[in-house]
*Asks:* 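Next up is a structure, given as structure tokens.
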Amino acid sequence: MSALAEGLSCLRCGGQLRGAEDPQRLHCAYCETSHLMVSGDDVAAFAPRRRIGRRRAHKALSETLKSHGVGGLSVEDARLAWLPFWHVQAKLVGWQVYRQLIEQKRTTTTAEGAEIPSPTLRHEERQEELVARDVDVTLPGCDAREWGLVGIADRLRAVDLRPFAHEREADRALVCSVVVPRAAALHQAEAMRIAGVAPRRATHLKQRLSLARVRTRLIYYPVWKLQVTVDGVPAEVDVDGARATVIRGSVTRDVPSRAVAWWAGAASSGWLAGVHPALGALGLGAWCVDRLHRSGSASRAGLGRWLSEELAPVRSRRIDLDG
Amino acid sequence: MTLLALACPECATALPDAEERHLFVCGTCSRTWSPRLDGRGLMEIPRHPIAPTRRPEPGARVVMIPVWNVTIHTDLLGGIGQSLPSRVRVPAVGVDRLQTLLQFARNLSRAPVAPARWEGVAARAENAELAAEDALVLAETVVLRHLNHWPSDDQLPTLEIPVGGAHLVDWPCAVRGSEVIELVGGLSVHRSLIDGVELADQAGTLDHAFSAIESGSL
């Protein structure tokens with residue numbers, strides 16, 4: 001990390017401070033004095049050192065659509081939001097006792113020398129276990145699900161951090177308020193990790209676990225919210241503002257099914273032609289599907305697939321295109 | 001948020017820093033400092049070396065391992081308090097090998113030794129990875145295992161351990177092969193506890209002080 005710490009000077013010689021691996025530390029390039037950012041009652045806030053701009057977010061979405069064979073992208077509006085996340089690092093330490101069902105498979109040997117399975121022996125054993133594990137979790141400090149994010153631990157791995165300039169960013173973008181207090185985040189981190197240390201099939205579980213060496217900080221993560229139309233279909237897409245990847249998308253109004261439109265059109269045509277509406281609809285609908293299939297319109301078919309797989313509200317599962 | 005220059009308040013020397021470090025030792029005057037909770041400066045952490053009772057084997061490295069000496073108010077625990085140590089000693093290095101650290105802490109706390117202050121010795125103070133509040137949490141974990149017949153399963157989650165204050169001391173140890181042998185009670189722990197931890201070899205500077213052990217002046 002070589003970027004200069006913005007606007008901060010050495011308290012001893014006035015030289016420019018440089019960032020270090022640990023975002024809470026700064027070093028003077030001249031007198032080599034280290035500086036520590038002490039939070040006191042406040043919480044240190046950081047953000048990815050680099051974030052993408054609107055054009056790059058547009059490009060990221062365009063490339064994702066192209067990879068699905070979809071064109072016709074038009075961006076109507078783009079807004080940048082900074083979402084706060086609690087980053088909790090600690091050591092979970094303590095004891096747990098539980099009973100565990102032990103199964104012992106047995107075989108008996110017959111007079112002919114063949115082995116046949118016997119009923120399995122089951123008994124409970126009491127276990128005492130020392131727990132000493134790392135805790136490293138990120139938890140939303142606001143309603144981040146609206147942007148398709150729950151935690152950002154994976155996203156942070158390849159990202160350098162810098163102190164977050166709250167006031168400056170608030171002038172240029174939406175900075176979401178922290179609505180989850182630190183104590184609640186710590187409690188949640190502890191609960192999440194404690195739930196994970198209980199072994200499977202353990203009964204009568206009793207735990208005495210505590211967090212030691214706790215480090216909490218806020219990390220503001222950038223997300224671009226793009227209002228777009230894809231081949232005429234209006235949609236809203238969230239793009240990771242640090243890694244330039246699409247997080248998720250959703251159509252912003254119900255799109256009538258093309259098939260329904262075709263069937264309705266065919267039925268009307270059949271009625272006008274004096275044919276029984278059902279027969280007319282059947283014939284004309286089959287013709288439309290055939291034409292569509294023959295034309296091999298990659299864009300339309302691709303869009304349909306992209307919408308159905310990733311945007312359609314009826315299948316609004318969260319997607320992760322990073323992989 | 002406050003920006004704090006890491007310079008010794010006593011002699012103004014720049015304090016050596018490293019990631020995750022929260023205690024800072026001055027290389028000039030050997031004082032140990034920690035950021036004040038309100039972020040308005042550094043406060044001194046008192047510490048002193050513990051006197052060894054034996055000499056290291058020839059050729060061994062001698063290191064001073066920082067150890068938190070945590071007081072347990074055993075008298076407040078009634079009958080079960082009688083089986084507890086009144087001091088729990090938690091090494092302040094090797095946090096990444098927590099199980100080894102806890103095992104060493106348990107052995108150090110159970111050892112029938114009465115460590116004394118090593119007077120008149122200019123041992124170099126090493127950096128501690130653990131802060132005092134973390135040492136208290138680990139001390140509680142160690143104490144639970146010491147209880148007579150272990151607390152009952154129902155008691156385990158809620159039993160209150162009356163943990164007192166924590167004081168930092170420097171524990172003399174010899175490093176030889178794959179073992180670290182502490183020089184007060186003669187207990188050993190696997191060397192992995194201090195792997196990756198910067199601990200200076202003080203065999204040369206402390207040689208004269210070790211000679212005093214043989215002459216019986218300690």
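Below, read A as the first sequence line, B as the second, and so on, with proteins coming before strands; counting in each chain starts at 1.
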*Asks:* Identify which of A/Arg133, A/Glu128, A/Gln207 forms the greatest number of heavy-atom pairs closer than 4.5 Å to chain B.
*Replies:* A/Glu128
*Asks:* Answer with side chain, backbone, both or neither: which region of B/Leu159 has an atom nearer than 4.5 Å to a non-hydrogen atom of chain A?
*Replies:* both
*Asks:* In Å and rounded to the nearest 0.5 Å, what is the CG to OG distance from B/Leu3 to A/Ser9?
*Replies:*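 Answer for the CG-OG pair, B/Leu3 versus A/Ser9, is 9.5 Å.
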*Asks:* With a 4.5 angstrom heavy-atom cut-off, is it the side chain or the backbone of B/Leu101 that approaches chain A, or both, or neither?
*Replies:* neither
*Asks:* Quick check: closest heavy atoms across A/Ala212 and B/Val137, and the distance to 0.1 Å?
*Replies:* CB-CG1, 4.0 Å
*Asks:* At their closest point, which heavy atom of B/Val95 faces which heavy atom of A/Lys91, and how far apart are they?
*Replies:*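 Reported closest heavy-atom pair: CG1-CE, 3.5 Å.
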*Asks:* Among the options A/Val131, A/Thr33, A/Asp134, A/Val97, pick out the one with the most heavy-atom pairs lying under 4.5 Å from chain B.
*Replies:*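 Of the candidates given, the most pairs with chain B belong to A/Val97.
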*Asks:* Quick check: closest heavy atoms across B/Asp134 and A/Arg213, and the distance to 0.1 Å?
*Replies:* OD1-N, 2.7 Å
*Asks:* Under 4.5 Å from any heavy atom of chain B, what part of A/His204 do you find: side chain, backbone, both or neither?
*Replies:* neither
*Asks:* A/Leu209 versus chain B, heavy atoms under 4.5 Å apart: side chain, backbone, both or neither?
*Replies:* neither
*Asks:* Can you tell which part of B/Ala12 gets under 4.5 Å to a heavy atom of chain A, answering side chain, backbone, both or neither?
*Replies:*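 Both the backbone and the side chain of B/Ala12 come within 4.5 Å of chain A.
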*Asks:* Inspect the surroundings of CD in A/Glu103 and state if more than 12 heavy atoms from other residues, nucleotides or ligands are less than 6.0 Å away.
*Replies:* yes
*Asks:* Inspect the surroundings of CD in B/Glu44 and state if more than 12 heavy atoms from other residues, nucleotides or ligands are less than 6.0 Å away.
*Replies:*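 Counting other residues, nucleotides and ligands, CD of B/Glu44 exceeds 12 neighbours.
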*Asks:* Closer than 4.0 angstrom, basic N to acidic O: yes or no for B/Asp153 and A/Arg126?
*Replies:*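 A/Arg126 and B/Asp153: salt-bridged.
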*Asks:* To check you understand the geometry: which heavy-atom pair defines the closest contact between B/Pro35 and A/Leu36, and what is its length?
*Replies:* CG-CD2, 3.6 Å
*Asks:* Is it the side chain or the backbone of B/Pro157 that comes within 4.5 Å of chain A heavy atoms, both, or neither?
*Replies:* both
*Asks:* Hey, is NE2 on B/His73 packed in by over 12 heavy atoms from elsewhere, all under 6.0 Å?
*Replies:* yes
*Asks:* With rounding to the nearest 0.5 Å, note down the distance linking CG in B/Leu4 to NE2 in A/His35.
*Replies:* 8.5 Å
*Asks:* Would you mind checking which part of B/Glu133 comes under 4.5 Å of any heavy atom in chain A, side chain (CB onward), backbone (N, CA, C, O), both or neither?
*Replies:*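 Looking at B/Glu133, nothing touches chain A.
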*Asks:* Could you tell me which non-hydrogen atom of A/Arg208 sits nearest to which non-hydrogen atom of B/Leu144, and how far apart they are?
*Replies:* CG-CD1, 3.5 Å
